[in-house]
Amino acid sequence: MNSLSVKDRLDSFRDRFAGCSVVVFADVSTGMVLSASSRERTTQEKLDDLCRRAASRLAAGAHAGVSNRFFGANGLTPSLIEFDAAQRFCIVRSNHADEEALCFLHDGPEPVSEMLAVASELLSDIGAEG
């Protein structure tokens, strides 16, 4: 059993990817932020907005086509990536519990595939202990 808290794990994830400014562990079925880690002080409203955005995208089924194209038919986990001029908004849904997801903002050079794989692993670890 891992003695790290969910918050500690989110901090480690964010530290691993220098371009990750915020990561949220969310219950997308209720729209609740369960835990979060951010590079700079972040308001609860911003965290809640990320959670609502993720819930909206996942509820719409937008992740299915992206995940299949990105990972192939046997993809890692349902995922969605949105790009804008400044950053990527990534959502990774848990394989253990459909309501759990990681949402994060990223503006660094790290490969998206690596970030999504590590996020999927992190969700599996959290789910295995929950």
Side-chain angles (χ1 to χ4, degrees):
M1 183 163 156
N2 195 327
S3 63
L4 292 177
S5 69
V6 172
K7 170 75 166 95
D8 291 337
R9 291 172 191 222
L10 296 178
D11 289 343
S12 294
F13 176 86
R14 190 180 44 75
D15 290 343
R16 179 172 178 172
F17 301 106
C20 183
S21 59
V22 63
V23 59
V24 173
F25 175 54
D27 180 332
V28 292
S29 68
T30 62
M32 289 184 60
V33 173
L34 302 175
S35 189
S37 174
S38 60
R39 190 181 318 144
E40 298 174 356
R41 189 170 175 87
T42 303
T43 64
Q44 186 63 45
E45 289 80 14
K46 181 176 180 177
L47 298 174
D48 290 341
D49 183 56
L50 291 173
C51 186
R52 279 190 298 272
R53 187 172 166 190
S56 170
R57 300 312 190 273
L58 292 172
H63 66 281
V66 174
S67 185
N68 286 340
R69 282 194 299 277
F70 196 74
F71 293 111
N74 297 321
L76 291 175
T77 191
S79 307
L80 174 70
I81 308 146
E82 293 181 345
F83 297 87
D84 65 26
Q87 62 192 355
R88 296 176 207 123
F89 173 58
C90 303
I91 307 163
V92 178
R93 184 175 240 164
S94 172
N95 282 324
H96 293 285
D98 280 347
E99 69 275 5
E100 294 178 353
L102 283 184
C103 321
F104 52 97
L105 296 175
H106 186 268
D107 62 3
E110 294 93 355
V112 172
S113 58
E114 182 182 350
M115 291 185 305
L116 296 179
V118 172
S120 181
E121 257 179 57
L122 175 55
L123 282 167
S124 291
D125 290 347
I126 292 169
E129 291 184 11

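Computed from a predicted model, the values in this text were never measured in an experiment.
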In sequence, state the C-alpha distance, the side-chain angles, and the governing distance for L34 and V6, and then conclude on side chain to side chain contact (heavy atoms under 4.5 Å, CB included).
CA-CA 9 Å; L34 302 175; V6 172; over 6 Å; no
Pair E114, R16 - check salt bridge (Lys or Arg N to Asp or Glu O under 4.0 Å), show working.
CA-CA 11 Å; E114 182 182 350; R16 179 172 178 172; 3.5 Å; yes
Close side-chain approach of [X] to [Y], heavy-atom, < 4.5 Å:
X	Y	answer
L102	V24	no
D107	S21	no
F25	L123	yes
H106	M115	yes
V28	R93	yes
K46	T43	yes
R9	I126	yes
L122	L10	yes

Backbone N or O of [Y] within a donor-acceptor pair of the [X] side chain at under 3.5 Å?
X	Y	answer
S124	S120	yes
R39	A18	yes
R14	A36	no

Within this structure, what is the [atom1]-[atom2] distance for the pair [X] and [Y], rounded to the nearest 0.5 Å?
X	Y	atom1	atom2	answer
D27	S35	CG	OG	13.0 Å
S37	D15	OG	CG	6.5 Å
R52	C103	CZ	SG	12.0 Å
S38	L105	OG	CG	10.5 Å
C51	I91	SG	CD1	10.0 Å

State which residues pass ring pair (Phe, Tyr, Trp, His ring centres under 6.0 Å) with F13; sequence neighbours excluded, sorted by chain then number.
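F17, F104.
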Going by an N to O cut-off under 4.0 Å, is there a salt bridge joining R88 and E110?
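Salt bridge flag = no for E110 with R88.
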Salt bridge or not for K7 and D11, using N-O below 4.0 Å?
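Looking at D11 together with K7, the answer is yes, because their closest N to O distance falls below 4.0 Å.
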Pair D8-S5, side-chain donor/acceptor within less than 3.5 Å
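Per modelled atom types, D8 and S5 side chains form a pair under 3.5 Å.
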